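Notes follow once the structure below has been shown.
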2 protein chains.
Amino acid sequence: MSSRKNAPSPAPSLTDVALGQRTGYLFIKAGELALRLAEDALAASGLRARHFNVMTMINMGRPLSQQEVGDILGIDKNLIVAVIDDLEGRELVRRERSLEDRRRYVLELTPKGKRLLKEAYAHVERAEREFLAPLTASEVPALRDALSRIVAPWWPVKKPR
Amino acid sequence: MSSRKNAPSPAPSLTDVALGQRTGYLFIKAGELALRLAEDALAASGLRARHFNVMTMINMGRPLSQQEVGDILGIDKNLIVAVIDDLEGRELVRRERSLEDRRRYVLELTPKGKRLLKEAYAHVERAEREFLAPLTASEVPALRDALSRIVAPWWPVKKPR
DNA sequence: TATTGTTATACTCTATAACTATA
DNA sequence: TATAGTTATAGAGTATAACAATA
């Protein structure tokens with residue numbers, strides 16, 4: 001029997017571990033981390049990441065139906081209902097029936113919604129800076145560009161309309 | 001009324017959309033995509049990504065308890081039980097009581113488990129190549145290095161032992 | 001008392017399928 | 001017949017807390 005029973009494994013560092021070499025695993029973990037930090041940052045504005053994403057889509061100017069928002073974000077339309085319900089209840093978003101097609105809503109941010117979204121952006125950007133802190137200034141745009149090329153062929157999952 | 005009713009919005013490209021500029025959003029989407037492709041690839045070996053990760057940890061040589069595997073992977077120990085149950089039922093992993101501490105199991109891959117893991121690696125590597133296809137050869141190691149630096153400070157979530 | 005593996009349970013999230021009103 | 005929004009429901013996944021065996 002060795003002098004140390006149950007030799008207390010020192011906590012392994014990421015690079016010690018086989019999975020830490022796998023690009024795919026690093027992507028998955030980085031994505032989970034980015035989501036967690038975004039959720040934490042947005043909690044200061046009382047928003048979930050999904051609400052922030054939906055508001056950002058609505059804010060783009062092009063009139064979008066709930067279904068289109070969901071298709072672009074990869075969220076089923078039935079889940080969009082609850083998000084818009086929340087946002088409308090907080091007077092951040094207005095539903096208005098489309099004049100051309102009365103089945104659809106045209107969604108738009110209220111002034112209050114625009115203000116909150118702007119505030120939320122500040123929180124998200126702060127979280128991103130923390131997340132990207134280990135990178136040099138020139139690495140960040142190169143990384144964003146690489147990510148954009150990786151994601152673009154698969155996005156959106158379902159084409160709207 | 002315009003000549004085109006309900007003007008069919010052309011599907012927006014990623015770069016058209018405000019979220020497509022957000023590094024954090026790109027990370028989250030890239031992570032989701034990496035997970036989806038890994039799950040699809042591993043289905044050919046009858047494994048879920050989690051099973052693959054657990055098997056990879058067990059295969060590292062250092063004797064690990066179920067709890068340690070869970071801590072390193074960020075999975076609660078109660079969920080590890082079901083994973084090991086599955087793998088043991090398929091004779092891919094063996095549980096053996098630790099001689100030094102009879103509360104713990106020492107986990108090890110069976111020869112069959114090692115063979116399947118090797119096969120699974122081939123599937124995962126193929127999926128990764130597809131995922132990373134939009135990048136140049138020199139971008140891939142630079143990206144992996146950047147990801148590793150981003151994830152390392154947050155990993156593992158809970159230190160084992 | 002604390003820890004490992006286990007089980008039970010409750011909660012969140014999501015996917016599927018209907019239904020309505022409009023087209 | 002098809003589509004937008006809505007609702008209900010079942011399933012998957014997860015987190016929390018407890019328990020027995022062992023330390």
Side-chain angles (χ1 to χ4, degrees), chain A residues 1-2 4-9 28 32 35-36 39 43 48-51 53-54 57-58 63-89 93-108 157-161, chain B residues 1-2 4-9 28 32 35-36 39 43 48-51 53-54 57-58 63-89 93-108 157-161:
Chain A
M1 203 69 63
S2 80
R4 304 180 305 160
K5 287 182 51 174
N6 309 332
S9 321
I28 296 165
E32 290 174 357
L35 177 59
R36 184 156 57 85
E39 295 276 10
R48 300 292 306 268
R50 175 174 293 174
H51 295 65
N53 291 339
V54 167
M57 288 304 307
I58 294 173
L64 293 171
S65 66
Q66 295 182 189
Q67 178 126 254
E68 285 169 323
V69 170
D71 287 348
I72 293 173
L73 295 179
I75 304 167
D76 193 276
K77 61 189 159 79
N78 74 357
L79 300 174
I80 299 292
V81 174
V83 175
I84 305 292
D85 282 350
D86 290 346
L87 296 175
E88 196 179 36
V93 165
R94 258 194 303 270
R95 283 174 164 112
E96 296 192 12
R97 283 288 174 192
S98 165
L99 299 178
E100 292 105 8
D101 181 345
R102 295 185 41 72
R103 293 171 302 182
R104 323 173 86 217
Y105 285 121
V106 174
L107 303 169
E108 58 180 6
V157 178
K158 187 179 172 186
K159 300 290 186 286
R161 300 212 106 261
Chain B
M1 202 74 64
S2 80
R4 304 180 305 160
K5 287 181 50 174
N6 309 332
S9 321
I28 295 165
E32 290 175 356
L35 178 59
R36 184 156 57 85
E39 295 276 10
R48 300 292 306 270
R50 176 174 292 175
H51 295 65
N53 291 339
V54 167
M57 287 304 307
I58 294 174
L64 294 171
S65 67
Q66 294 182 189
Q67 178 127 254
E68 285 168 323
V69 170
D71 288 347
I72 293 173
L73 296 177
I75 305 167
D76 193 276
K77 61 189 159 79
N78 74 356
L79 300 174
I80 298 292
V81 174
V83 175
I84 304 291
D85 282 351
D86 290 345
L87 297 174
E88 195 180 36
V93 165
R94 260 195 302 271
R95 282 176 164 111
E96 296 191 12
R97 283 289 174 189
S98 165
L99 298 179
E100 292 104 9
D101 181 346
R102 294 185 41 71
R103 292 172 303 184
R104 323 172 87 216
Y105 285 120
V106 173
L107 303 169
E108 58 180 5
V157 178
K158 187 179 172 186
K159 303 287 186 286
R161 303 212 102 258

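Treat the numbers as computed from the prediction; the structure is a model and nothing was measured.
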With side chains defined as the heavy atoms from C-beta onward, is the minimum distance between [X] and [Y] less than 4.5 Å?
{"X": "A:Ile58", "Y": "A:Ile84", "answer": "yes"}
{"X": "A:Ile80", "Y": "A:Ile75", "answer": "yes"}
{"X": "A:Ile28", "Y": "A:Glu32", "answer": "yes"}

Without decimals, in angstroms, what is the distance between [X] [atom1] and [N] [atom2]?
{"X": "A:Ile80", "N": "C:dT16", "atom1": "CD1", "atom2": "C1'", "answer": "17 Å"}
{"X": "B:Tyr105", "N": "D:dA21", "atom1": "OH", "atom2": "P", "answer": "13 Å"}
{"X": "A:Arg97", "N": "D:dG5", "atom1": "CZ", "atom2": "P", "answer": "8 Å"}
{"X": "B:Arg36", "N": "C:dA15", "atom1": "CZ", "atom2": "P", "answer": "12 Å"}
{"X": "B:Glu32", "N": "D:dG13", "atom1": "CD", "atom2": "C1'", "answer": "16 Å"}
{"X": "A:Arg94", "N": "D:dG5", "atom1": "CZ", "atom2": "C1'", "answer": "20 Å"}
{"X": "A:Ile75", "N": "C:dT16", "atom1": "CD1", "atom2": "C1'", "answer": "17 Å"}
{"X": "A:Asp86", "N": "D:dT6", "atom1": "CG", "atom2": "P", "answer": "12 Å"}

### Task
Kindly point out which of C:dG5, C:dT6, C:dC13 is positioned nearest to the side chain of B:Arg95?
C:dT6
### Task
Identify which nucleotide among C:dT7, D:dA23, D:dT6 has an atom closest to any side-chain atom of A:Gln66, counting heavy atoms from C-beta outward.
D:dT6
Under 3.5 Å between N/O atoms: give me all the protein pairs with nucleotides 14-18 of chain D, atom names plus distance.
unit_1: D:dT14; atom_1: OP1; unit_2: B:Arg50; atom_2: NH2; d: 3.4
unit_1: D:dT14; atom_1: OP2; unit_2: B:Arg50; atom_2: NH1; d: 3.3
unit_1: D:dT14; atom_1: OP2; unit_2: B:Arg50; atom_2: NH2; d: 3.0
unit_1: D:dT16; atom_1: O4; unit_2: B:Asn78; atom_2: ND2; d: 2.0

### Task
Verify the contact: side-chain N or O of B:Arg104 to OP1 or OP2 of C:dA2, cut-off strictly under 4.0 Å; return yes or no.
no
### Query
D:dC19 phosphate, OP1 or OP2: any side-chain N/O from B:Arg103 under 4.0 angstrom?
no
### Task
Would you check, one step at a time, whether the test side chain to side chain contact (heavy atoms under 4.5 Å, CB included) holds for B:Met57 with B:Glu68?
CA-CA 10 Å; B:Met57 287 304 307; B:Glu68 285 168 323; over 6 Å; no
### Query
Could you give all pairs that pass the side chain to side chain donor-acceptor pair (under 3.5 Å) test and reach residues 72-85 of chain B, with sequence neighbours left out?
B:Asp85-B:Arg95
### Query
Between A:Leu35 and A:Ala49, what is the shortest heavy-atom contact and its length?
CD1-CB, 4.0 Å
### Query
Which residues satisfy the salt bridge (charged side-chain N to carboxylate O under 4.0 Å, His left out) test with A:Arg94, sequence neighbours excluded?
A:Glu96, A:Glu108
